**Student:** 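I have a structure here, written as structure tokens, and I will follow up with some questions on it.
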Protein chains: 2
Amino acid sequence: MKHEDAHQHVHHNHNDCIESALSTAEALCIQQGQRLTKVRRRALELIWESHRPLGAYQLLAKLAEEGFNSAPPTVYRALDFLLGAGLIHKVESMNAYLGCAHADKAHKGYFLICDECHNVMEFDYQDIHAALVEKAARQGFELRAETIELTGLCEKCKGKSVGASA
Amino acid sequence: MKHEDAHQHVHHNHNDCIESALSTAEALCIQQGQRLTKVRRRALELIWESHRPLGAYQLLAKLAEEGFNSAPPTVYRALDFLLGAGLIHKVESMNAYLGCAHADKAHKGYFLICDECHNVMEFDYQDIHAALVEKAARQGFELRAETIELTGLCEKCKGKSVGASA
DNA sequence: GTTTTACTTGTTATATCATAACAAAATTCT
DNA sequence: AGAATTTTGTTATGATATAACAAGTAAAAC
């Protein structure tokens with residue numbers, strides 16, 4: 001399974017990455033008095049294992065294979081919990097869910113989404129955030145949440161295919 | 001910074017605003033050899049009349065009331081056309097559609113969405129766009145489209161309700 | 001350590017958003 | 001008019017998400 005993680009631009013050990021995310025998640029939940037139950041924990045792992053945004057029903061199918069309940073509320077409850085805890089993000093333009101790489105630091109999830117390979121890179125630019133907050137404030141608007149989803153071609157796909165489709 | 005936004009929080013004559021959008025739309029379609037048929041034109045008007053994001057099925061219901069066909073493809077085809085022509089935007093985080101205030105100028109649709117009153121302001125900040133393009137490029141990413149949806153409290157609602165809901 | 005409480009999960013049903021596939025009609029081109 | 005293209009009608013289904021209520025489980029209070 002180490003092969004399909006064609007995910008990000010930088011090589012890394014995907015298992016380490018999942019383990020780290022999970023132990024961060026556990027620490028955060030304990031700290032906040034939240035319960036990372038079996039299904040929530042497994043959902044988070046599965047999202048990380050895909051390492052690209054996973055649809056709710058894809059996730060549900062994986063959970064069902066492992067003996068969890070297979071009705072939609074199961075997966076949406078897990079997703080709600082993980083979203084609320086800041087452990088995952090929803091990519092609105094894809095209706096899909098992605099592990100949050102910086103759950104421990106307060107941050108905004110900004111995404112670069114490749115149209116060809118559908119990999120997603122999360123990035124976190126404080127200066128853009130600051131500019132958005134300030135510009136919203138000029139219109140009297142108090143910012144609470146940001147959905148920043150940029151699509152285009154990642155470095156690899158830009159080189160490969162000019163007109164081809166995935 | 002001038003006040004580039006320009007539509008929602010400022011008083012304006014809504015009818016003028018719709019008429020202007022429609023005549024821009026007509027001009028653009030002719031220019032591009034596209035056909036702004038009855039249903040497309042009426043869909044665009046209805047979206048503008050709501051002046052806040054309209055769901056596909058809400059729009060479908062309105063069209064059906066006026067004697068248009070009431071099957072979903074009717075409305076999705078109209079929406080696809082209008083999106084393709086740049087006459088409307090889709091607000092991904094709401095699954096809803098909004099008239100584009102600057103259809104004639106190439107631009108990115110950035111939105112401020114109020115959590116309380118659900119009004120949406122479109123804004124267009126060239127400097128943020130430039131920063132995003134540049135930062136994406138640093139990661140080898142070639143930007144094609146941007147989904148920038150900021151939620152929070154608009155000026156009116158910030159004053160009114162601190163904890164109340166709409 | 002049992003009761004009470006809060007939280008979590010199971011279950012059924014349904015709401016909401018969107019597209020596939022193919023037929024019919026209208027428009028445009030020659 | 002005839003052919004080609006585009007648009008619309010129609011039926012069916014896929015994909016995403018939530019409501020409502022019952023049952024179970026863990027934590028807190030006693």
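Quick note on labels: first sequence line is chain A, next is B, and so on, each numbered from 1. Values in this document were obtained by computation on a predicted structure and should not be read as measured data.
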**Student:** Checking the side chain of Glu122(A) only, and the main-chain atoms of Ala101(A) only, is there a donor and an acceptor separated by less than 3.5 Å?
**Tutor:**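 Present.
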**Student:** If you round to the nearest 0.5 Å, how far is SG of Cys114(A) from CG of Leu150(A)?
**Tutor:**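 Separation between the atoms: 12.5 Å.
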**Student:** Can Glu49(A) and Arg42(A) be counted as an ion pair, charged N to O under 4.0 angstrom?
**Tutor:**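 Yes, Glu49(A) and Arg42(A) are salt-bridged.
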**Student:** Give a yes or no on whether the ring-centroid distance for His129(B) and Tyr110(B) is below 6.0 angstrom.
**Tutor:**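 Ring-ring flag for His129(B)/Tyr110(B): false, centres at least 6.0 Å apart.
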**Student:** Hey, where on DNA chain C does chain A first and last touch, going 5' to 3'? Cut-off is any atom under 4.0 Å from a heavy atom.
**Tutor:**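 Contact boundaries, 5' end first: dC7(C) to dT12(C).
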**Student:** Can you measure Tyr97(A) atom OH to dT16(D) atom C1' for me and round it to whole angstrom units?
**Tutor:**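 Atom OH in Tyr97(A) sits about 8 Å away from atom C1' in dT16(D).
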**Student:** Looking at DNA chain C, which of residues 74-87 of chain B put a heavy atom within less than 4.0 Å of it?
**Tutor:**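 Those residues whose heavy atoms fall under 4.0 Å from DNA chain C, taken from residues 74-87 of chain B in numerical order, are Tyr76(B), Arg77(B).
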**Student:** Where each residue is assigned the nucleotide of DNA chain C containing its nearest heavy atom, which of Gln34(A) and Lys90(B) is assigned the position nearer the 5′ end?
**Tutor:**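 First, find each residue's nearest nucleotide; the 5'-ward one identifies Gln34(A).
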**Student:** To the nearest 0.5 Å, what is the distance between OG1 (Thr147(A)) and CZ (Phe111(A))?
**Tutor:**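 Reported to 0.5 Å precision, the distance equals 9.0 Å.
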**Student:** For the CG atom of Leu63(B) and the OG1 atom of Thr74(B), what is their distance to the nearest 0.5 Å?
**Tutor:**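 The CG atom of Leu63(B) sits 8.0 Å away from the OG1 atom of Thr74(B).
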**Student:** Under 3.5 Å, is there a donor-acceptor pair between the side chain of Ser23(A) and the main chain of Glu19(A)?
**Tutor:**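 Checked: pair present.
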**Student:** By the 4.0 Å heavy-atom rule, please label Asn69(A) as base, sugar-phosphate, or nothing.
**Tutor:**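 Counting heavy atoms under 4.0 Å across all strands, the contact made by Asn69(A) includes a base.
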**Student:** Pick the nucleotide of DNA chain D nearest each of Phe68(B) and Pro72(B); which residue has the one closer to the 5' end?
**Tutor:**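 Closest to the 5' end, via its nearest nucleotide, is Phe68(B).
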**Student:** Could you tell me the separation between the OH atom of Tyr57(B) and the C1' atom of dA17(D), rounded to a whole number of Å?
**Tutor:**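 So the two atoms are 14 Å apart, to the nearest Å.
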**Student:** Let me confirm one number: the CG-CZ distance from Leu79(B) to Arg40(B), rounded to the nearest 0.5 Å.
**Tutor:**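 If we round to the nearest 0.5 Å, Leu79(B):CG and Arg40(B):CZ are 11.5 Å apart.
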**Student:** To the nearest angstrom, how far is Glu92(B) atom CD from dA15(D) atom P?
**Tutor:**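 After rounding, the gap between these two atoms is 18 Å.
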**Student:** For the pair made of CZ in Arg35(A) and C1' in dG24(D), what is the distance, rounded to whole Å?
**Tutor:**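 Going from Arg35(A) (CZ) to dG24(D) (C1'), I get 11 Å.
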